[in-house]
Amino acid sequence: MKQGLSLRVSQHLALTPQLQQSIRLLQLSTLEMAQEVEQMLDDNPFLERAPEEAEREGFGLEQSDTPVTLGDRVAEWSEADGGSPAAEPAVAADAGEEFTPIESSWEGDGSVDMRPDDSEWGGDALPRLSQRDEDDTASAADLASEHITLQAHLHEQALVLRLNDDERSALYFLIESLDEDGYLPEPLEELAQALLTQELQSRRLSLDTEAQVAREAHWLQTLRTALHWLQHMEPAGVGARHLAECLKLQILEWRNSPEAQAALAMCDQPLELLARRDTRRLAQLCNCPEDIARTALARIARLEPKPGRRFSDVSRQAVVPDVIVTPQGRGFKVQLNPDVMPRLRVQDIYANALRGNRGEAGNGLQQRLQEARWFIKNIQQRFDTILRVASAIVERQRSFFLHGELAMRPLVLREIADELGLHESTISRVTTAKYMATPFGTYELKYFFGSALGTETGGNASSTAVRALIKQLVAGEDSRKPLSDNQISDLLKEQGIECARRTVAKYREALKIAPANLRKSL
């Protein structure tokens, strides 16, 4: 085999650690981004939160990478060392070396006005200060607005009951065993075993088999008594083991009437009949007139299937927008939410101490310092990209911000990518789990993208607008004669939108709208 040398030219893509971090930060949600910042603050000693807003300068990545000149460096050292630039003779002697600025911070509030004559970023937005930071004493309004859980609400009611120690312990155990919907998912036998184990461990007792069986039977009977008290508490239906029992507990609060008796009998039947609203079949099984069965079924439909729903913590489910859009003049102002923008900078003391260390011991610390600078720069780039994409969306979907979702136009990721000079995958990452606050509500950025449906005039209608139109048609229908998917498709064709029945069914299911037979009122 003959050996030889040859030259070959090839191209390949190499992702540097800085680029990998930039891509990863771009696809994080607001909550994940906050967690990433906290993790980086704990791991990197050169990174810290900026206590105040830095003095306003030019915004953007170009300004953040501008090197500091030798004259600025000498002036900085002169101020720090009492006017003696000789403090750093080795560095000052090298006049041809560029020096990366030690401190980086987020500049401006990231706002842009959608007007032709706008060339300035918005004014600085101060970080929000909570009332607790200014005054440790909570006001009455703060205490009143605190969330009350279902368990706390039930414990307050249990205080007025006359119970012995075992009954109170069993009732407390049942309340703490409820799920977020107010149901008791575990059977009483398992709870009795858990109570017995807890009692033996707390008192450090050891019983023989016969004594354990007797004690477990005692706890089981006590739990049944406690369950009786629990199921008579407010909200009605709490402590139920299944949906039928939950409905029965609420029906028992009605006055004794033929409708109440029929409703109780209906709950003993298969729930599929209730879901289908099969009045005739239910009347036959419950041995009651059909009109009474219809009235009872209508009242059952108004019951609460999840008693603990109103005690759920709504604040945990609130969406924090990344971008805020507000009307301004004839256009709209697009700005980043200052509450989600981290204020970070490089730690001055550690960075200045590392400046004079050129040995091998400082190489690892120098890498951590560069990592902190990369992190700040990538965060700036993330918010800059989000703002650019959001501004392009607002410009393309101007009709939506003026007239609502019925005026939404078709839009695909490629249009925004071509306009901004980015890849479609980048636009997909930016629009995932990022939210925009608009005059009509808060929406995910992906909401503004939709496929096109043909019209009779040869134009296109957005699928988002079609779904909004379907929702509007269903909201205005006669509840006694709801519109079928075929009828909705015909109504859309009358308005010039070509939408097949299967497409209507797909959009209806996406909107979580029940079929016509389940929307029919009795």
Side-chain angles (χ1 to χ4, degrees), residues 181 243 247 266 269-282 294 297-298 300-306 309 317 319 393 396-397 399-400 403-415 424 428 431-433 435-436 438 440-522:
D181 294 329
L243 178 58
L247 298 177
M266 287 180 181
Q269 308 303 325
L271 294 181
E272 290 79 6
L273 298 178
L274 292 175
R276 294 201 306 264
R277 300 186 180 185
D278 192 347
T279 309
R280 182 175 301 177
R281 180 61 176 165
L282 287 171
R294 186 179 296 107
L297 190 57
I300 291 176
R302 293 194 295 268
L303 298 178
E304 175 57 71
K306 298 179 179 180
R309 191 204 306 266
Q317 307 171 7
V319 175
I393 291 175
R396 291 296 185 99
Q397 298 290 4
S399 299
F400 165 82
H403 308 291
E405 57 185 355
L406 289 176
M408 188 82 74
R409 55 158 292 183
L411 182 64
V412 294
L413 298 177
R414 184 178 302 175
E415 296 182 42
E424 287 186 47
S428 178
T431 56
T432 301
Y435 294 87
M436 177 187 294
T438 71
F440 298 98
T442 302
Y443 301 92
E444 189 179 10
L445 294 184
K446 279 190 178 297
Y447 171 79
F448 299 94
F449 296 86
S451 57
L453 295 177
T455 61
E456 293 181 353
T457 58
N460 292 324
S462 171
S463 59
T464 306
V466 174
R467 285 196 293 267
L469 187 56
I470 292 175
K471 187 193 303 183
Q472 189 179 70
L473 291 175
V474 171
E477 69 183 1
D478 185 359
S479 59
R480 292 174 296 181
K481 295 181 179 180
L483 297 173
S484 64
D485 294 340
N486 278 327
Q487 292 174 328
I488 295 176
S489 177
D490 294 338
L491 291 176
L492 293 176
K493 290 179 181 178
E494 293 178 1
Q495 300 189 25
I497 300 176
E498 297 293 335
C499 189
R501 182 195 63 80
R502 293 182 179 179
T503 306
V504 171
K506 182 179 68 173
Y507 289 167
R508 177 181 53 75
E509 293 175 357
L511 294 171
K512 297 182 179 180
I513 298 177
N517 62 327
L518 297 182
R519 300 199 309 270
K520 185 177 182 180
S521 63
L522 302 175

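Only heavy atoms go into these numbers, but all of them, side chains included; no hydrogens, no water, no symmetry mates.
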> Can you tell me how far CG of L282 sits from CG of L273, rounded to the nearest 0.5 angstrom?
Replying inline: 5.0 Å
>> E509: which residues meet the salt bridge (charged side-chain N to carboxylate O under 4.0 Å, His left out) condition with it, sequence neighbours left out?
In response: none
> For R467, which residues count as a salt bridge (charged side-chain N to carboxylate O under 4.0 Å, His left out) partner, sequence neighbours excluded?
Replying inline: none
> So, does T279 use its side chain to make a donor-acceptor pair with the main chain of R294 at under 3.5 Å?
Replying inline: no
> Should Y447 and E405 be marked as a side-chain contact (heavy atoms from CB on, under 4.5 Å) after you check the CA-CA gap, both sets of side-chain angles, and the distance that decides it?
Replying inline: CA-CA 10 Å; Y447 171 79; E405 57 185 355; 2.7 Å; yes
> Ignoring hydrogens and geometry, is there a side-chain-to-backbone donor-acceptor pair from E444 to T432 under 3.5 Å?
Replying inline: no
>> Quick check for you: to the nearest 0.5 Å, what is the distance between Q397 atom CD and M436 atom CE?
In response: 10.0 Å
> Given side chains that start at C-beta, do those of M408 and S463 come closer than 4.5 Å, heavy atoms only?
Replying inline: no
>> Run T464 and L411 through side-chain contact (heavy atoms from CB on, under 4.5 Å) and show every step you take.
In response: CA-CA 10 Å; T464 306; L411 182 64; over 6 Å; no
> Which residues pass the side chain to side chain donor-acceptor pair (under 3.5 Å) test with E424, sequence neighbours left out?
Replying inline: R414
>> For the backbone of K306 and the side chain of E304, can you confirm whether one donor and one acceptor N or O come within less than 3.5 Å of each other?
In response: yes
> Taking it one step at a time, do T503 and V466 satisfy side-chain contact (heavy atoms from CB on, under 4.5 Å)?
Replying inline: CA-CA 10 Å; T503 306; V466 174; over 6 Å; no
> Which distance, rounded to the nearest 0.5 Å, do you find between the OG of S484 and the CZ of R508?
Replying inline: 10.0 Å
> With a 4.5 Å limit on heavy-atom distance, are the side chains of Q487 and P482 in contact?
Replying inline: no
>> Donor-acceptor check, side chain of R501 to backbone of D485, threshold 3.5 angstrom: yes or no?
In response: no
> For L243 and P305, which heavy atoms make the closest approach, and how far apart are they?
Replying inline: CD1-CB, 3.9 Å
>> Name the residue from I488, D490, V504, V474 that meets the side-chain contact (heavy atoms from CB on, under 4.5 Å) definition with L483.
In response: I488
>> Distance check, rounded to the nearest 0.5 Å: L445 atom CG versus S428 atom OG?
In response: 11.0 Å
> Looking only at heavy atoms, which two atoms of S462 and P410 are closest? And how far apart?
Replying inline: CB-N, 3.5 Å
> What residues form a side chain to side chain donor-acceptor pair (under 3.5 Å) with R280, not counting sequence neighbours?
Replying inline: none
> Can F448 and T438 be said to form a side-chain contact (heavy atoms from CB on, under 4.5 Å), step by step?
Replying inline: CA-CA 12 Å; F448 299 94; T438 71; 4.1 Å; yes
> In chain order, what residues pass the side chain to side chain donor-acceptor pair (under 3.5 Å) check against Q472, with sequence neighbours excluded?
Replying inline: none
> For D278, which residues count as a side chain to side chain donor-acceptor pair (under 3.5 Å) partner, sequence neighbours excluded?
Replying inline: none
> What are the two closest non-hydrogen atoms of C499 and S489, and how far apart are they?
Replying inline: O-OG, 2.6 Å
>> Parallel, tilted or perpendicular: which one describes the rings of F400 and F440, with boundaries at 30° and 60°?
In response: tilted
> Could you give the distance from OH (Y507) to CG (L492), rounded to the nearest 0.5 Å?
Replying inline: 10.0 Å
